[in-house]
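Report on the structure given below.
Remember, predicted model here, so these are calculated numbers, not experimental data. Chain naming here is simple, since letters A, B, ... match the order of the sequence lines and numbering starts at 1 in each.
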Amino acid sequence: MNILVCISHVPDTTSKINFVENDTQFDTNGVQFVINPNDEFGLTRAIWFKEKQGAQVHVIHVGTAAAEPTLRKCLAIGADKAFRVDTPATDGMQVAKELAAFISTNPYDLVIAGRESIDYNGAMVPGILAALLDIAFVPNCVGLEIDGKNAVVEREIDGGREKLKGNLPMVIGGQKGLVEEADLKIPNMRGIMQARQKPFEVLNPKGSGIPTKDVLFEKPAPKAEVKLVPADDIDQLIELLHKEANVI
Amino acid sequence: MSILLFIESENNKLKRNAAEIASYGVALADKLNKDCVAISFNADNAQELGQFGVSKVFNVTNTPQQFDAHVYANVLTHYVAKLAATHIIVSSSADAKFLAPLIAANTNAAYVPNVVALPHEYQPLTVRRTAFTNKAFANTTLTAEVNIIGVGNNTFGSVEQAVDCVVENATVEHTASQLEQLSISKETGKATIADADVVVSGGRGLKGPEHWHLIEELAEVLDAATACSKPVSDMGWRSHDEHVGQTGKPVSTNLYIAIGISGAIQHLAGVNASKVKVVINNDPEAPFFKAADYGIVGDAFEVVPVLTEKLKAFKAQS
């Protein structure tokens, strides 16, 4: 089985979010970048397939060279080969088209992306990609079993879970549940050394129109100080929620 | 030229978010001077969209009873061409986020989800949306021939303005499903985190699953969904389906009540989009108080039962 895991390179959750260039660019100064957490669950599941059922695991990223340490980490965790499509990524449709162009000449049985990236939260790349390739797609994926060409996939829905069956090739949007947090791998020294020898290819972008553009970023207005209500005056809280906040 | 609305339904009834999507679409159609046409699937009560200003609905009746993203995308793509749609309005539910990318691919659209208001500019179309998991907003332009706006839950609200509504039942030729549903497990009769107006959430401060009746009783009075923090689901006190936060479910509700949750940055990222946040915690230094609107520094085991009783009395007389 050949698996391709799509990797986003995102600011660590605890990063300070600031903007530069008149609030048109994210300020990367001093920011620690990581594998997008949702992608990491998917990558870990892919490596599980490699170890238990036999698979080749490749990773791909659309973006600039800034993401190379993140891709090396994927190799150190156990991916066999990394690709980077060399173009700044600014829109989900653009990224999906680059991935689709690559996959249509390099087919995979399974393509895993994350539910969404934690920076732009678009949750659109895997779905657009699947539709462009005309293969099945399952987002919010919390369970995946593969037997030959058959896949049984569980997805989280509002208020529950849905179990679906389909044929490979398929695209999934993974998240926590695909593997548990405790299963995530930390690269060891041997993995890091091996990663240096593993193939890493930089690809030219196919290029396409970019239909959306972030023209300005804003931070939320500073929050008003919390109104503290004494623990023995619950009536006051109910009054505030009813009359001031208007939520009950 | 028209604006298409994707209207969600479940068990043949419109979902709650239909009102918000209808209201947003009608308001946008007014601004752009275009027709607003709703597309629903197997809905018995699509007529009710008239309360929110929608005058035309195509209710598609030959699709599977259960939501099927691939089939629905096929049908909506058909209507984009048929009605020369320039804009498509969808919600931010799990289903809408499944569907919209597929339509975007089919129609080569610009798609922006998590939008919090009507566009503030129309030349070019510019919307405000959340970014960096609710830690910032981005103003984003959409410049394709078809533009899809995903409206964040509970951001625009619903606007009542009754009009005559014509519902036309329709059958649309569509491709077969790519996936076969094996089973669905869903708690019925209980408010879901995605749908509820109020979410009551418990954390480690509750000391064990045996104390969850405190959360459930409060939730019952408020008709609220129950949720929990990550450590609580990791320890198996509650199922992962209740976990809210960055790696769990997102919450964007009118009222979020956090009990015994300290407010780690990953938790806040997932719940920050909620309008009003109430925090009950015995630690006055808990970071959640900085993100909250109202707070009580106190012992949950004492405060919550009193709050539940008093809310019961309040609800009974109002």
Side-chain touch A/Ile238/B/Leu311, heavy atoms, less than 4.5 angstrom: yes
For B/Ser233, is it the side chain, the backbone, both or neither that has a heavy atom under 4.5 Å from a heavy atom of chain A? side chain
With side chain to side chain donor-acceptor pair (under 3.5 Å) as the test, would you mind laying out the steps for A/Thr13 and B/Gln246 before giving the verdict? CA-CA 9 Å; A/Thr13 320; B/Gln246 183 165 268; 3.1 Å; yes
Look at A/Asp235 together with B/Lys310 and state whether they make a salt bridge at an N to O cut-off of under 4.0 Å. yes
Is it true that B/Lys230 and A/Glu181 make a salt bridge, defined as a side-chain N closer than 4.0 Å to a carboxylate O? yes
Honestly, the part of B/Ala269 sitting under 4.5 Å from a heavy atom of chain A is neither
Taking side chain as everything from C-beta outward and backbone as N, CA, C, O, which of these in B/Ala225 sits under 4.5 Å from a heavy atom of chain A? Side chain, backbone, both or neither. neither
Steps toward side chain to side chain donor-acceptor pair (under 3.5 Å) verdict (B/Lys275, A/Asn246): CA-CA 11 Å; B/Lys275 285 216 179 84; A/Asn246 223 352; over 6 Å; no
Could you check if a side-chain atom of A/Thr212 sits within less than 4.5 angstrom of a side-chain atom of B/Thr141, using non-hydrogen atoms only? no
Does any heavy atom of chain A fall under 4.5 Å from the side chain of B/Ser318, the backbone, both, or neither of them? neither
Side chain from CB out, backbone as N, CA, C, O: work out which of these in B/Val278 comes under 4.5 Å of a heavy atom of chain A, or both, or neither. side chain
Note: vs chain A, highest number of non-hydrogen pairs under 4.5 angstrom among B/Gln266, B/Lys97, B/Lys290 is B/Gln266
Chain A heavy atoms under 4.5 Å from B/Asp241: which part of the residue, side chain, backbone, both or neither? both
Decide yes or no for A/Tyr120 and B/Arg129: does some side-chain heavy atom of the first lie under 4.5 Å from some side-chain heavy atom of the second? yes
Heavy-atom pairs under 4.5 Å with chain B - which of A/Asp23, A/Asn167, A/Leu132, A/Ile118 has more of them than the others? A/Ile118
Do the charged groups of B/Lys186 and A/Glu162 touch, with an N to O distance under 4.0 Å? no
Does any heavy atom of chain A fall under 4.5 Å from the side chain of B/Asn272, the backbone, both, or neither of them? neither
Checking B/Leu222 against chain A: side chain, backbone, both or neither under 4.5 Å from a heavy atom? side chain
Tell me, side chain or backbone of B/Phe98 under 4.5 Å from chain A's heavy atoms, or both, or neither? both
Need one label for B/Asp293: side chain, backbone, both or neither, based on atoms under 4.5 Å from any heavy atom in chain A. both
B/Ser93 and A/Asp158 side chains, donor-acceptor separation under 3.5 Å: no
Please determine if B/Lys135 and A/Asp119 form a salt bridge, counting it only when a charged side-chain N lies under 4.0 Å from a carboxylate O. no
Portion of B/Leu179 that has a non-hydrogen atom of chain A nearer than 4.5 angstrom: both
Test side chain to side chain contact (heavy atoms under 4.5 Å, CB included) applied to B/Asn108 and A/Met93, step by step: CA-CA 8 Å; B/Asn108 200 22; A/Met93 178 68 78; 4.3 Å; yes
Answer with side chain, backbone, both or neither: which region of A/Ile135 has an atom nearer than 4.5 Å to a non-hydrogen atom of chain B? backbone
Atom OG1 in B/Thr247, atom CZ in A/Phe41: separation rounded to 0.5 Å? 5.5 Å
If you tally heavy-atom pairs under 4.5 Å between each of B/Ala144, B/Pro284, B/Ala104 and chain A, the highest tally belongs to B/Ala104
Check each atom of B/Val297 against the heavy atoms of chain A and say whether the ones under 4.5 Å are side chain, backbone, both or neither. both
